[in-house]
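Sequential numbering from 1 along the given sequence is applied to the chain's residues.
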Amino acid sequence: MITRTKPQTKKPSLYRVLLLNDDYTPMEFVIHVLERFFQKDHDSATRVMLHVHNHGVGECGIYTYEVAETKVTQVMDFARQHQHPLQCVMEKN
């Protein structure tokens, strides 16, 4: 008798992408970043930005490692191009 073993597919680890508050990056720029890189509508982007502003950190989304890493790099590069010290990080969910 042949027993078929079902391949064990492990779900990929997910990572939270977070924005960190600073005293220099304009709120409008943070909203633009959230709309552009995280496909947030204006109201959602504003809510996340205010959360970052009031609590020091805010979640932009949860992604697989590669997607999270790409988004962090895109945000950091974009912020640097515009001379803003905005920090974007990822952490295991």
Legend entry - Heavy-atom closest contact (His51 atom, Gly58 atom, distance): ND1-CA, 3.9 Å
Inset, instruction - Measure the acute angle between the ring planes of Tyr63 and Phe38, then classify it against the limits of 30° and 60° as parallel, tilted or perpendicular. - result: tilted
Legend entry - Transitive ILVMFWY side-chain link Val33 to Val67, under 4.5 Å: yes
Inset, instruction - Going by the side chain to side chain contact (heavy atoms under 4.5 Å, CB included) test, name the single residue among Thr25, Val57, Val75 that passes it with Leu19. - result: Val75
Legend entry - Between CG on residue Asn21 and CE on residue Met27, distance to nearest 0.5 Å: 8.0 Å
Inset, instruction - State yes or no: do Val30 and Phe78 share one hydrophobic cluster built from I, L, V, M, F, W and Y residues joined by side-chain heavy-atom distances below 4.5 Å, directly or via other members? - result: yes
Inset, instruction - Name the orientation class of the two ring planes belonging to His32 and Phe29 (parallel below 30°, tilted from 30 to 60°, perpendicular beyond 60°). - result: tilted
Inset, instruction - Give, for atom CE of Met90 and atom NZ of Lys71, the distance between the pair rounded to the nearest 0.5 Å. - result: 12.5 Å
Inset, instruction - Starting at CZ of Phe37, measure out to SG of Cys88 and round the result to the nearest 0.5 Å. - result: 9.5 Å
Legend entry - Nearest-0.5 Å distance that lies between atom OH in Tyr15 and atom CD1 in Ile62: 13.0 Å
Legend entry - Lys40 (side chain) donor-acceptor with Ile31 (main chain) under 3.5 angstrom: no
Legend entry - Atom pair CZ/NZ of Arg16 and Lys92 - distance to nearest 0.5 Å: 14.0 Å
Legend entry - Connected via hydrophobic side-chain network under 4.5 Å: Leu20 and Val72: no
Legend entry - NE2/His84: more than 12 non-hydrogen atoms of other groups inside 6.0 Å: yes
Legend entry - Check: Leu86 main-chain N/O paired with Arg80 side-chain donor or acceptor under 3.5 Å: yes
Legend entry - Nearest-0.5 Å distance that lies between atom CG in Leu18 and atom CD in Glu91: 4.5 Å
